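Contents: one structure, followed by commentary.
Convention: sequence-line order gives letters A, B, ...; per-chain numbering from 1. For clarity, every value in this text was computed on a predicted model and none was experimentally measured.
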2 protein chains.
Amino acid sequence: MASPTEENYLKALFNLANSQGEITLSELASRLEVSLPTANSMVKSLQKSNWLNYEKYKPLTLTPEGRRLAASIIRKHRLTEMFLVDVMKFGWEEVHEVAEQIEHIHAPKFFDRMDEMLGHPAADPHGSPIPDIEGKLEQQSYVPLSSVLPGQKVQLLALSNSSAEFLEFLNSRGLSLGLTLTVISTERFDQSMVIGYLEHPSETLSGKVCERLLVCVQTAAAKIT
Amino acid sequence: MASPTEENYLKALFNLANSQGEITLSELASRLEVSLPTANSMVKSLQKSNWLNYEKYKPLTLTPEGRRLAASIIRKHRLTEMFLVDVMKFGWEEVHEVAEQIEHIHAPKFFDRMDEMLGHPAADPHGSPIPDIEGKLEQQSYVPLSSVLPGQKVQLLALSNSSAEFLEFLNSRGLSLGLTLTVISTERFDQSMVIGYLEHPSETLSGKVCERLLVCVQTAAAKIT
DNA sequence: TTATAAAGTTAGAATAATCTAACAAATTTG
DNA sequence: CAAATTTGTTAGATTATTCTAACTTTATAA
Ligand SMILES: [Mn+2]
Ligand SMILES: [Mn+2]
Ligand SMILES: [Mn+2]
Ligand SMILES: [Mn+2]
């Protein structure tokens, strides 16, 4: 039985593996905001539980059991966020912190019921995929809006950053997942883009923002409903 | 900031104070299923946080802050149980264990939203009163069914024991809160009673069961709807 | 290829929550 | 009341999670 602390380490390891590939101790430590010795000793104890492969000075890798456990925590996190937004009517910018706690609740039926009530959603409110019960995570093939050429129509489907500040910024511009965006023009100087959608015929978005908006170019993509 | 462990101690102290009056260390220890030295050392640490008055060999009393904090945890527990039953459609016999965990979530808005969605319920699914945000707990004036005389009509409003086994027994007899029960007869020998309600014109309930069913004699009592 | 820097490890300590064994105080009982 | 029992306390140990300080290994760079 993993403690909440161990579960947070496993989640961090899983996410780092999925983005960086190689996991170093210092990445893990800085991700979790703990000292290197703290991460080092936890890494040894995760190894003892057979969730992690560890050899002195070598990169870290999760075992299959570690990966499965991590995915199950991430599943609980994302189902919770979806439940908070869809059922309890929270804003997408206020659910992460609560989910960070609720993901550690041990009650499979509780999360299965959320899943049912939500109709087995494929993604959380920020577009991140929800692992299935087996722990398998659908690989998304979205591209950042910043890579889209003028004239193209795309669908906004996910975010590569979901900080509350960024989400509040998107709220202020009426941007939400599922929207169809038309790229009107791109500014070579600062990578800003002019985008049209709904009642916003020409909204200027900075390069920073466009990098974080993940879109699908094919118009017939799976719709968020 | 209280840890989940501390919160469980405070809850136990609050509940013991409300039923026994005087709280002894051994009651606390046995309620929480920890050893006496464990309870003793936690009691000292709760005192250090100003939640408990403690003097060697004297009975334990919560401070006003301790009482307030305990009530807020109990509020979260009972709101959660109500939410699980009313919104998520769990049976009243399967919610306690989950609530025991969720009560430790720090997210006032999460529980406020539950409260709203439920329409500010006064009691949990087992009829126990939900403390208000101030930490005040409505005193109930129910009597056990075992004290009701034959011929009387009463309304079943709460339970003095809510173990899953007892709740499953009640399910098996079609008994639920809000029902109007008619006491048909009482058996002096073993305190069993014959009760009528709904499609059950004469159901025999043991003395043990009747002691645990809390009822209101006045017919015009607040209804559970 | 040595010197510096970065990354990782070990040692030692602190706090929280728990235990058993031993002892002390308070209460009950004959 | 004195003996026996129950209740409460202390001492000392264990495990989990964290830290700082000191040291070692690996990587980078002149
Ligand atoms: Mn999140
Ligand atoms: Mn977490
Ligand atoms: Mn309960
Ligand atoms: Mn609890």
Item to check | Contact letters for nucleotides 4-18 of chain D, in which S counts primed atoms plus P, OP1 and OP2 and B counts the base, heavy atoms under 4.0 Å | outcome: ---SBBB------SB
Checklist entry - Would A:Arg67 count as a cation-pi partner of A:Phe14, with NZ or CZ less than 6.0 Å from the six-membered ring centre and within 45° of the ring normal? => result no
Item to check | N-O pairing of B:Arg78 and B:Glu103 below 4.0 Å | outcome: no
Checklist entry - Does the side chain of A:Leu25 come within less than 4.5 Å of A:Tyr57's, by heavy atoms? => result no
Item to check | Lys/Arg N to Asp/Glu carboxylate O, A:Asp115 vs A:Arg75, below 4.0 Å | outcome: yes
Checklist outcome for this item: Between B:Val95 and the options B:Glu100, B:Glu81, B:Met82, the side chain to side chain contact (heavy atoms under 4.5 Å, CB included) test singles out B:Glu81
